[in-house]
Number of protein chains: 2
Amino acid sequence: MVIAEPEPEPAAEGALARSQAARRRRVLDATLQLAAEGGFDAVQMRDVAAAADVALGTVYRYFASKERLLLEAMAEQQADLRAYLDVHPPREATPVARVVSVLRGANRSLREYPDVTAAMVRSFGTAQIENADIVRRVTEIMTGIITSAIHAPERRPATEREVRVARILMQVWLSSLNGWVCGVDGPDRVDEDLAAAAGLLLSPRNDC
Amino acid sequence: MVIAEPEPEPAAEGALARSQAARRRRVLDATLQLAAEGGFDAVQMRDVAAAADVALGTVYRYFASKERLLLEAMAEQQADLRAYLDVHPPREATPVARVVSVLRGANRSLREYPDVTAAMVRSFGTAQIENADIVRRVTEIMTGIITSAIHAPERRPATEREVRVARILMQVWLSSLNGWVCGVDGPDRVDEDLAAAAGLLLSPRNDC
DNA sequence: ACAAAAAAAGGAACGTGTTCCAATTCCGCC
DNA sequence: GGCGGAATTGGAACACGTTCCTTTTTTTGT
């Protein structure tokens, strides 16, 4: 993994790919911008196109639907979180503490832009089959984040039990976020749910 | 042509309330019918109105939005399940077995009408603040179903731990259904997730 | 530097959820 | 039995996601 001059492979392709990447980025940024200002309803495709300085048809060339657009933004956000955590892993001593710490931090970020979170969670909740791939990607990233937090500094592969626990926590996380964004529970409830679940699933006395 | 004696109280009000109740029912039935045939997208408000033999504006008088319509149908469905289980409680010996049994049964029903389930779960996943009340009602019914299954024949009130476990299982259930209806996982995965979670949360060795 | 191909622009048009309104029908009550 | 108000009807109209088409611009290969 040299910091190669000639772009290894995935980037490649001269001007076209560059301008396309830039366009894609502008569209995603416009999406986040609009979502931050007015949530899901403010992310109107015509406005996204205008804000990204791109034609409406172009938005659709890059993202097949509004749902997809928001889901890709969500996937990117989660991937960023994962990357950050790879560099700054939780330092707590126990799995429970690490998981709770990581998820509290994530939720703190999500709460700073509640409308963005709401838009993403809502897209997640309506996802159709044609977006199964990104939904899977998002859930895998979230599960991975939790798995890493569970068996933090250790380099061994996750046990099957850990993977199952991580999946449950991911599901609790998503459900709880859904409860928050649709106004059933306050934002603190997300942390509480996760702490409770982590406690029940990861407490030392439950380790086999 | 009164058939009923003097209706006790909740029904009350003569012809008006009766015809309104009938209208509401027709709308809900039309919704389920259309959902069964073509899922969420087939539940088009104009079609619902036509199938229920009612004007479009009338549908909106009874249900503020398509989302609300489907959520009320979902609440009713869950309430029915709950009522059924009150009469036919699970007979298994352990909490885990009872919970698994109840949820498997519920999922079996849901799988018979996958498009209906998909429409409902999808509405649930997009719920907005104005529908927080039904979303809460649905989650409470689902949690209640699970709580009852956990401490089945016993008549004591649920312990705090049981309530927390039930909530987690409810969240896993919802997330897993979401994964199924958006094509990320097969329908069996719902049962597997719930069995795994119930096992981890309710196994005897975890009882305190 | 030019021709062919690909991408983007610009904008019209369609479908469906939702809103609104005028006209009509129905209900409860005097 | 008729009156006042509420409920219902029927349908027009609007908003926004999505599709489609034509024209223009950009990119690539020679």
I'd like a list of close polar pairs between nucleotides 19-22 of chain C and the protein, N/O only, cut-off under 3.5 Å.
none

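Put simply, the residue from A:R111, A:R104, A:R108 that forms a salt bridge (Lys or Arg N to Asp or Glu O under 4.0 Å) with A:D188 is A:R111.
For the pair A:S175 (side chain) and A:V172 (backbone), a donor-acceptor distance under 3.5 Å is absent. Counting only distance, with no hydrogens or angles, the side chain of A:R68 and the backbone of A:E130 share a donor-acceptor pair below 3.5 Å.
Rounded to an integer number of Å, the gap from CZ of A:R61 to P of C:dG10 is 15 Å. Summarising the geometry, the separation between CD on A:Q20 and P on D:dT25 is reported as 19 Å, rounded to the nearest angstrom. Rounded to whole Å, the distance from CZ on B:F63 to P on D:dA7 is 16 Å. Atom-to-atom, CG of B:L71 to P of C:dG17 comes out at 15 Å; the value is rounded to the nearest Å.
A close approach under 4.0 Å does not occur between any side-chain nitrogen or oxygen of B:T58 and OP1 or OP2 of D:dT8. The side chain of A:Y62 places an N or O atom within less than 4.0 Å of a non-bridging phosphate oxygen (OP1 or OP2) of C:dA8. Put simply, B:R68 has no side-chain N or O that comes within less than 4.0 Å of OP1 or OP2 on C:dT18.
Residues A:L28 and A:L69 meet the side-chain proximity criterion, which asks for heavy atoms closer than 4.5 Å.
Contacts between residues 37-55 of chain B and DNA chain C, defined by a heavy-atom separation under 4.0 Å, are made by B:V43, B:Q44, B:M45, B:R46.
In this structure, the separation between CD on B:E72 and CG on B:N131 is 8.5 Å, given to the nearest 0.5 Å.
Across all their heavy atoms, B:L81 and B:A106 have their closest contact at CD2-CB, 3.8 Å.
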Could you please spell out the steps behind the salt bridge (Lys or Arg N to Asp or Glu O under 4.0 Å) verdict for B:R82 and B:E140?
CA-CA 11 Å; B:R82 158 96 112 163; B:E140 281 171 358; over 6 Å; no
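Summarising the local packing, OH of B:Y113 is surrounded by 12 or fewer heavy atoms from other residues, nucleotides or ligands at distances under 6.0 Å.
Note on A:R23: only backbone sugar-phosphate atoms sit closer than 4.0 angstrom, heavy atoms only; bases stay farther off.
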Check: residues 162-170 of chain A side-chain donor-acceptor pairs under 3.5 Å, at least two apart:
from: A:E162; atom 1: OE1; to: A:R156; atom 2: NH1; distance (Å): 3.1
from: A:E162; atom 1: OE1; to: A:T159; atom 2: N; distance (Å): 2.9
from: A:E162; atom 1: OE2; to: A:R156; atom 2: NH1; distance (Å): 3.3
from: A:E162; atom 1: OE2; to: A:R156; atom 2: NH2; distance (Å): 3.0
from: A:R167; atom 1: NE; to: B:D193; atom 2: OD1; distance (Å): 2.9
from: A:R167; atom 1: NE; to: B:D193; atom 2: OD2; distance (Å): 3.3
from: A:R167; atom 1: NH2; to: B:D185; atom 2: OD2; distance (Å): 3.2
from: A:R167; atom 1: NH2; to: B:D193; atom 2: OD2; distance (Å): 2.7

